[in-house]
Amino acid sequence: MKNKLSYYARGHTAKGMVNYWESNVKNVEDVYVFKHPSLSLTSQLFQNIMSMYDQFGQVEVVMSPFGKDFIEGIIIRDHSIAFMDDHYVSRVVNLIDFTKGMDEKLRKDLEQLEDSMKQICDRAYEKFEKSLIIHDTLENLFLKEMSFQQADEEINKTITELFSDVQKKKGQAVLYERLFGTKTPDGTTEFVKTLIEPMQHRYFIKGRAGTGKSHFMKQIVDQCINYRIDVELYRCSFDPDSIDMIIIRDLQLCMFDSTPPHEFHPTRNEDIVIDLYNIALTPGTDEKYAEEIQRIEKAYKQEMKEGVVKLKEIKSVQQQIDHLLQLHVKKKTENEKH
């Protein structure tokens, strides 16, 4: 599909499950919510709807953090309509409940399996949280060697370059909060390459943990809000308090944290690299703390790996849910024949 924009509105993080659906549908007039426990079924429904709207503008495909092939919603912003799974938006929506025909035993069995899935997620989040706590000690190493004055000078220079010829718009800016990737039962997935590809101005922000990459982008976001320019803010799927990318479509601009595990290199002459390590960090910092860096990175990556392995257990529960539903449909079909 040509006009497809893929991202996540929910994700598994060190702060638990985060949910940014609200910010993505708050200006959408018609929101339809499909309630059904099978991700396979609802994903197929969304695929069918996508094919209907393919010729009518861009379709935003909101992927599911519970599997790389699952979709948990689509938004056709040009038509101000959205279709989504049952995921906690506070506003009044059009609810389509596919669970009404389920008997009490099936409901209880499904509730138990969903509770099992939640327990698996909670144990994975505990691992991610431990990983983040360890990672924060790495940030503290580099913070000691940072020149915040030099970093701020680079930020101010960039703001001047970006906004010197920009006119303030009318109305209010819209801030869309999202994730460009997340950990799933199938491993970590991301859509950075497809998100940045159409952008004319691409800023690759480099630098170690704690060198101000997220702060840098936050200052740009604040300027956009001041100028009433809409922004897509993509939060970090590890620590959602941090920003990993911003896209400003009115300026045809993206700016993102281009460091592992989502490191990309410039491919166009006009691509811009801002390396905060070289700009604001004491030369020789990596060498000075080499042993500590290696030890900390090994420890936090191990906790992260264990959390990702734990998430994989969800697939077995999903298979049990689908099996129960298949038996339910088979039984219902047989009863209708008699």
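Values below: every heavy atom of this structure, side chains too, minus hydrogens, waters and symmetry copies.
Within 6.0 Å of CD on Glu287 lie more than 12 heavy atoms contributed by other residues, nucleotides or ligands. In the displayed structure, Lys169 atom NZ is contacted under 6.0 Å by more than 12 heavy atoms of other residues, nucleotides or ligands. No more than 12 heavy-atom neighbours from other residues, nucleotides or ligands sit within 6.0 angstrom of CD on Gln149.
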Next item on the list: Walk me through it: do Glu197 and Arg268 pass the test salt bridge (charged side-chain N to carboxylate O under 4.0 Å, His left out)?
Entry: CA-CA 11 Å; Glu197 181 61 33; Arg268 306 172 189 166; 3.3 Å; yes
Margin query: Please determine whether side-chain hydrogen bond (donor to acceptor under 3.5 Å, both in side chains) holds for the pair Gln150 and Glu154, giving the CA-CA distance in whole Å, both sets of side-chain angles, and the decisive distance to 0.1 Å.
Written below: CA-CA 6 Å; Gln150 289 177 299; Glu154 186 66 28; over 6 Å; no
Next item on the list: Take Tyr203 and Leu162 through the side-chain contact (heavy atoms from CB on, under 4.5 Å) test and state the conclusion after the steps.
Entry: CA-CA 11 Å; Tyr203 286 73; Leu162 293 179; 3.3 Å; yes
Item checked: Full working for side-chain contact (heavy atoms from CB on, under 4.5 Å) between Val59 and Asn3 -> CA-CA 6 Å; Val59 177; Asn3 297 321; 6.0 Å; no
Notebook entry, point to check: Where do Asn19 and Arg10 land on the side-chain contact (heavy atoms from CB on, under 4.5 Å) test, with the steps shown first?
Noted result: CA-CA 4 Å; Asn19 185 346; Arg10 299 195 304 151; 3.7 Å; yes
Note to self: Please determine whether salt bridge (charged side-chain N to carboxylate O under 4.0 Å, His left out) holds for the pair Arg249 and Asp230, giving the CA-CA distance in whole Å, both sets of side-chain angles, and the decisive distance to 0.1 Å.
What the structure shows: CA-CA 8 Å; Arg249 296 193 183 271; Asp230 295 349; over 6 Å; no
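Judged by distance alone, the side chain of Glu60 and the main-chain N or O of Asn24 form no donor-acceptor pair under 3.5 Å. In terms of modelled atom types and a separation under 3.5 Å, the side chain of Ser51 and the main chain of Asn48 share a donor-acceptor contact. In this structure, Asn226 contributes its side chain and Asp222 its backbone to no donor-acceptor pair below 3.5 Å. Between the Thr211 side chain and the Tyr277 main chain, no donor and acceptor come within less than 3.5 Å of each other. For the pair Ser43 (side chain) and Ile71 (backbone), a donor-acceptor distance under 3.5 Å is present. Judged by distance alone, with hydrogens and angles left aside, the side-chain atoms of Thr137 form no donor-acceptor pair with the main-chain N or O of Ile133 at under 3.5 Å. Here the side chain of Thr282 pairs a donor or acceptor atom with the backbone of Glu145 at under 3.5 angstrom. The main-chain N or O of Thr99 is never found under 3.5 Å from a side-chain atom of Lys35 such that the two would form a donor-acceptor pair. Judged purely by atom type and a 3.5 angstrom limit, His12 has no side-chain atom pairing as donor or acceptor with the backbone of Thr182.
If you chain together hydrophobic residues whose side chains sit under 4.5 Å apart, Leu95 and Ile75 fall into the same group. Connection of Leu253 to Phe191 is not established within any shared hydrophobic cluster, with ILVMFWY side chains joined at heavy-atom distances below 4.5 Å, either directly or through further cluster members. Criterion: ILVMFWY side-chain heavy atoms under 4.5 Å apart, direct or through other members. Under it, Phe142 and Ile274 are not part of a common hydrophobic cluster. Residues Ile96 and Leu41 share a single hydrophobic cluster, defined by chaining ILVMFWY side chains whose heavy atoms lie under 4.5 Å apart. With hydrophobic clusters built from ILVMFWY side chains whose heavy atoms lie under 4.5 angstrom apart, Ile49 does not share a cluster with Phe70.
Nearest heavy-atom pair, Leu195 versus Ser6, reported as atom, atom and distance to 0.1 Å: CD2-O, 3.8 Å. Taking all atoms of both residues into account, the shortest heavy-atom contact from Leu251 to His201 is O-CD2, 3.2 Å. Residues Glu139 and Ala209 share a closest heavy-atom pair of CG-CB, 3.6 Å. The two residues Cys224 and Ala173 make their nearest non-hydrogen contact at O-CB, 4.2 Å. The shortest non-hydrogen separation linking Lys213 to Gly207 is NZ-O, 3.1 Å.
Between Tyr32 and Phe83, the angle of the ring planes stays under 30°, which puts this pair in the parallel group of the 30/60° scheme.
A distance of 7.5 Å separates OG1 of Thr13 from CG of Asp239, quoted to the nearest 0.5 Å. For the atom pair CD1 of Ile205 and CE of Met245, the computed distance is 12.5 Å after rounding to the nearest 0.5 Å. Remark: His262 NE2 to Phe264 CZ distance equals 9.0 Å, nearest 0.5 Å. The line from NZ of Lys15 to OH of Tyr125 is 14.0 Å long, rounded to the nearest 0.5 Å.
With contacts defined as side-chain heavy-atom distances shorter than 4.5 Å, the pair Glu177/Glu22 does not qualify.
Evaluation of the side-chain hydrogen bond (donor to acceptor under 3.5 Å, both in side chains) rule for Ser64 yields no partner, not counting sequence neighbours.
No hydrogens or angles considered: nothing links the side chains of Gln223 and Gln219 as a donor-acceptor pair under 3.5 Å. Between Tyr8 and Thr189, the side chains place a donor N or O and an acceptor N or O closer than 3.5 Å (distance only, hydrogens not considered). Asp322 and Gln326 share no donor-acceptor pair across their side chains, judged by distance under 3.5 Å alone.
Judged by the 6.0 Å and 45° rule, Arg178 forms a cation-pi pair with Tyr7.
In this structure, Tyr234 has its ring center at least 6.0 angstrom away from the ring center of Phe256.
Partner Glu303 forms a salt bridge (Lys or Arg N to Asp or Glu O under 4.0 Å) with one of Lys298, Lys310, Lys127, Lys130 and no other, that one being Lys127.
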